[in-house]
Number of protein chains: 2
Amino acid sequence: MLNLSASEENYIKTIFHLQEEEKNVTTNGLAAVLNTRPASITDMMKKLKQKKLVHYQPYRGFRLTTGGNRYALSIIRRHRLWEFFLFEKLKFSWDEVHSVAEELEHVSSKKLIDKLDEFLDFPRFDPHGDPIPDNQGKILKTRQIPLSEMPLNRTAVVCNVGDQSASILELMDHNKIGIGTRVEVKKRFDFDHSLEIKIRQQVPFIISESLAKKIFVKHGA
Amino acid sequence: MLNLSASEENYIKTIFHLQEEEKNVTTNGLAAVLNTRPASITDMMKKLKQKKLVHYQPYRGFRLTTGGNRYALSIIRRHRLWEFFLFEKLKFSWDEVHSVAEELEHVSSKKLIDKLDEFLDFPRFDPHGDPIPDNQGKILKTRQIPLSEMPLNRTAVVCNVGDQSASILELMDHNKIGIGTRVEVKKRFDFDHSLEIKIRQQVPFIISESLAKKIFVKHGA
DNA sequence: TTTTTAATTTAGATTTGCCTAAATATATTT
DNA sequence: AAATATATTTAGGCAAATCTAAATTAAAAA
Ligand SMILES: [Mn+2]
Ligand SMILES: [Mn+2]
Ligand SMILES: [Mn+2]
Ligand SMILES: [Mn+2]
């Protein structure tokens, strides 16, 4: 497989993520995320088009080719495996892993990544609850689900709150739940559908169904 | 601490190693090791002199400053810790670790390296038997010693053979001992000073004192 | 001590990845 | 359908890290 520079890899990966939201990625959109100027994006798109990694027509935006997509998934695989390693083995906190993985992901040895995967026992989700592509580039597509629908005893990660009111934030704050919090549902009570949940090393506690419906989590399949 | 590019780091590290042999490092000498042209070395030396990492007078060769030396040791620390990780945790073979570590060493997070060190339980030697600097940059200086002088039950790595005759090579070949072989002395017999040694997962076997005196190993302190 | 050889530096390019400012194409309003 | 605004591309430059070919300096040989 062809070998891209760290810069090219960052472009490819970012296009991949932007594509999940919009069909077509724009010059300004990509420039904003990558913290560069639109002119730089145009330069790079010409190069990536040459390498057949993006479809690109001037003024018409761009998207990854099949090859570009495959490459993007391999970068995401590296990124998330390293995040898992940092979190699980080196005891980094969930919000510290990203920036270091951002560098490690560019170390290109295929063998390194496959051995790392094996060493970590083939994890399926990174510390943010995002799925890790396997060595074939296959990835589970996870969508956000409300905590109320999580199966029991599986780690999930809070990724969204479907309500921005002060009252819900106060309650979440009180319970020390926020974006990124890892949570496990231990029990579901039939009477009022309240949930017993556990976060971090704390003793489990109970939250109402109405709160659980507003807390969106990733992963759990 | 200032942050150097991967390229600058490779220069600094290589100068450090060359310095161990010769007081003064030369333009051509460094160019040969780094696989670049002499003109590139001169360019880089000007830059590193500016950054006060090398002492350099045109036509007079160069050597690291105190700061350059400290920086070199931090790169060597990263390199050898990664080598140890690859060998010990990911089960790479001893001759595969170097090239991957050559890339990993440039990931610059201090926290990453110190946590990795801790995770690996503060190893003192890399898979080639070279000492790993601690987080203060302190490094044990190991010299080569003949296998006959190794203490019992400590892993050593064959790094040199003090005789190039066909007969010694035949014997080493027969015993499957070569540069890089990891060996442990299990017992020393008083009668003829022969040694019982163990290599890899094999059953221990005996070699003569005269052979053991010609096989030089690193590490064991 | 010259002369010759070898090592080193300088001059001038090239590539990658980025930038600013100006031009141009597309989209949105009137 | 113009006119205006916004998005995008082009033109021209710059810094890092490399190169080749041409000086230049130092070392070795005569
Ligand atoms: Mn990155
Ligand atoms: Mn992640
Ligand atoms: Mn390196
Ligand atoms: Mn080593």
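Quick note on labels: first sequence line is chain A, next is B, and so on, each numbered from 1.
Here the P atom of nucleotide C:dT16 and the CG atom of A:Asn10 are 17 Å apart, to the nearest Å. We find that CE of A:Met45 is positioned 10 Å from P of C:dC18, with the value rounded to whole Å. For the pair B:Glu8 CD and D:dA15 P, the interatomic distance rounds to 15 Å; values are reported in whole Å. For B:Arg37 and D:dA23, the CZ to P distance is 19 Å, given to the nearest whole Å. Atoms CG (A:Asn3) and C1' (C:dT16) sit 15 Å apart, rounded to a whole Å. Following rounding to the nearest Å, A:Met44 (CE) and D:dT10 (C1') show an atom-to-atom distance of 18 Å.
Taking A:Asp114 as the reference, A:Arg77, A:Lys110, A:Asn135 meet the side-chain contact (heavy atoms from CB on, under 4.5 Å) condition, with sequence neighbours excluded. For B:His98, the ring pair (Phe, Tyr, Trp, His ring centres under 6.0 Å) criterion is met by B:His79, not counting sequence neighbours. Checked against salt bridge (charged side-chain N to carboxylate O under 4.0 Å, His left out), A:Glu8 has the following partners two or more places apart in sequence or in another chain: A:Lys47, A:Lys51. Evaluation of the ring pair (Phe, Tyr, Trp, His ring centres under 6.0 Å) rule for B:His106 yields no partner, not counting sequence neighbours.
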Which donor-acceptor pairs under 3.5 Å do side chains of residues 22-36 of chain B form with protein atoms, sequence neighbours excluded?
unit_1, atom_1, unit_2, atom_2, d
B:Asn24, ND2, B:Arg60, O, 2.7
B:Thr26, OG1, B:Gly29, N, 3.0

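Contacts classified as ring-ring contact (aromatic ring centres under 6.0 Å, His included) and involving residues 18-44 of chain A (residues at least two apart or in different chains) are not found. Residue pairs meeting the ring-ring contact (aromatic ring centres under 6.0 Å, His included) criterion with at least one member in residues 20-40 of chain A, sequence neighbours excluded, do not occur.
DNA chain C lies under 4.0 Å from at least one heavy atom of each of the following residues of residues 16-26 of chain B: B:Thr26.
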Enumerate all atom pairs, one protein N or O and one N or O from nucleotides 9-12 of chain C, separated by less than 3.5 Å.
unit_1, atom_1, unit_2, atom_2, d
C:dT9, OP1, B:Tyr56, OH, 2.4
C:dT9, OP1, B:Tyr59, N, 2.9
C:dT9, OP2, B:Thr27, OG1, 3.0
C:dT9, OP2, B:Thr42, OG1, 2.7
C:dT9, O4', B:Tyr59, OH, 3.4
C:dT10, OP2, B:Lys46, NZ, 2.8

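Between A:Asn28 and the phosphate of D:dT6, there is no side-chain N or O to OP1/OP2 separation shorter than 4.0 Å.
Salt-bridge formation is not detected for the pair A:Glu118/B:Lys91: no Lys NZ or Arg NE/NH1/NH2 atom is positioned less than 4.0 Å from an Asp or Glu carboxylate oxygen.
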